[in-house]
Number of protein chains: 2
Amino acid sequence: MDAQQLKGHLDLLLLATLDTGPRYGGQIIADVQASTDGYFSMREGTLYPALHRLEKQGFIHGEFQTLPRGGSPVKVYTLTPTGKTELTAQREKYDRFTRAVRGVIGGPA
Amino acid sequence: MDAQQLKGHLDLLLLATLDTGPRYGGQIIADVQASTDGYFSMREGTLYPALHRLEKQGFIHGEFQTLPRGGSPVKVYTLTPTGKTELTAQREKYDRFTRAVRGVIGGPA
DNA sequence: CCGATGCCCCTCGCTTTACGATGCCCCTAT
DNA sequence: ATAGGGGCATCGTAAAGCGAGGGGCATCGG
């Protein structure tokens, strides 16, 4: 994977992932990796700052919880209503992006 | 347009644009902007360093020419055979990227 | 009982890269 | 001669993903 390729699209991926249900860090990384057949292998140094950004913007909400099977408390993130709105906006923005790229490189309109 | 959205995809756009014929800076900016209905409005500070990168990698070749209608000589860039190969590779990489994103955000596979 | 291991969360510094501003050059027009 | 415009180039800035490192808590093995 190319790191630069991900810039500007990470927030969309995170919001979309949390749209399918609350998760904590490790789960997000695993799920994204699974959903992309291993193409996106997000690192912790990428994920946590991004989550903090999104939380500061009010799009997601993090809360420490202790899992049933014990272990250290994990920080579970949930998509807020505002975040759901933002997700829709980001989907549209991504759509405009892909259309624009197709306009240049050709291929199915 | 979001600047970050373009990161990692600019080279593809430039190679694809030059694949349709040699051009100089101003033309590239105008053509990309036209092909994307104004979505990508590249700036000079973005374009020229990118062109230099691509030339240093041997993907394109720039040469000063004087246009028929006079004026200062312009630097016309041409896609090299190596660049054509690279364009194919970049198209595939972009395709993998979009497939991966769709895998996360859902939508038509 | 105690150290080792394994997750999980967080942060710092680095690198890459698009962008805005600025400047120079050459040519044309007034 | 002077002003203007198009084209090329560069410098400093900012954003963001990444790698490395560290701390906390729980479980496991000796």
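Just so we're on the same page: letters track the sequence lines, and every chain starts at 1.
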Original post:
Among the nucleotides dC8(D), dC19(C), dC18(D), which one has an atom lying closest to any side-chain atom of Thr46(B)?
Top reply: dC19(C)
Subject >> Side chain of Leu6(A) (C-beta onward), nearest among dC8(D), dC18(D), dT16(C) >> reply: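 Taking heavy atoms from C-beta onward, the closest nucleotide is dC18(D).
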Look at the side-chain N and O atoms of [X] and state whether any lies under 4.0 Å from the OP1 or OP2 oxygen of [N].
X        : N       : answer
Arg43(B) : dG20(C) : yes
His52(A) : dT11(C) : yes
Tyr24(B) : dC8(D)  : no

Over how many whole Å does the gap from [X] atom [atom1] to [N] atom [atom2] extend?
X        : N       : atom1 : atom2 : value
Leu47(B) : dT10(D) : CG    : P     : 13 Å
Met1(A)  : dT16(C) : CE    : P     : 16 Å
Tyr48(A) : dG22(D) : OH    : P     : 18 Å
Gln27(A) : dC7(C)  : CD    : C1'   : 12 Å
Leu54(A) : dG17(D) : CG    : C1'   : 14 Å
Gln65(B) : dG7(D)  : CD    : C1'   : 14 Å
Phe64(A) : dC7(C)  : CZ    : C1'   : 13 Å
Arg23(A) : dC7(C)  : CZ    : C1'   : 18 Å

Original post:
If only atom types and distance count, is the side chain of Thr85(A) paired as donor or acceptor with the main-chain N or O of Pro81(A) below 3.5 Å?
Top reply: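 Yes, because the side chain of Thr85(A) sits within donor-acceptor range (under 3.5 Å) of the backbone of Pro81(A).
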**OP:** Tell whether Glu44(A) reaches the base of dC10(C) with its side chain through a donor-acceptor pair below 3.5 angstrom.
**Re:**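 Flag set: donor-acceptor pair detected.
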**OP:** Using only heavy-atom distances, decide whether a donor-acceptor pair under 3.5 angstrom links the side-chain of Ser72(B) to the base of dC26(C).
**Re:**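 For Ser72(B), whose side chain was compared with the base of dC26(C), there is a donor-acceptor pair (under 3.5 Å).
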Subject >> Earlier contact from the 5' end, DNA chain C, for Val76(A) and Gly8(B) >> reply: Val76(A)
Subject >> Heavy-atom closest pair, residues Ala100(A) and Thr36(B) >> reply: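 Nearest pair, atom of Ala100(A) first, then Thr36(B): O-CG2, 3.3 Å.
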Subject >> Candidate pair Arg91(B) and Leu15(B), rule side chain to side chain contact (heavy atoms under 4.5 Å, CB included), full reasoning >> reply: CA-CA 10 Å; Arg91(B) 276 184 198 272; Leu15(B) 294 176; over 6 Å; no
Subject >> Passing candidate, side-chain contact (heavy atoms from CB on, under 4.5 Å) with Val104(A), options Leu14(B), Leu13(B), Leu12(B) >> reply: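 Result: among Leu14(B), Leu13(B), Leu12(B), Leu13(B) is the only option passing the side-chain contact (heavy atoms from CB on, under 4.5 Å) with Val104(A).
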Original post:
In this structure, which one of Glu55(A), Glu63(A), His61(A), Arg23(A) forms a side-chain contact (heavy atoms from CB on, under 4.5 Å) with Tyr77(A)?
Top reply: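 So the option named by the test is Glu55(A).
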Original post:
Looking across every strand, which nucleic acid part, if any, lies under 4.0 Å from Gly45(B) by heavy atom: base, sugar-phosphate, or nothing?
Top reply: base
Original post:
Base, sugar-phosphate, or nothing for Lys7(B), non-hydrogen atoms under 4.0 angstrom?
Top reply: base
Original post:
DNA chain D: Pro73(A) or Asp11(A), which has the more 5' nearest nucleotide?
Top reply: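 Nearer the 5' end of the strand: Asp11(A).
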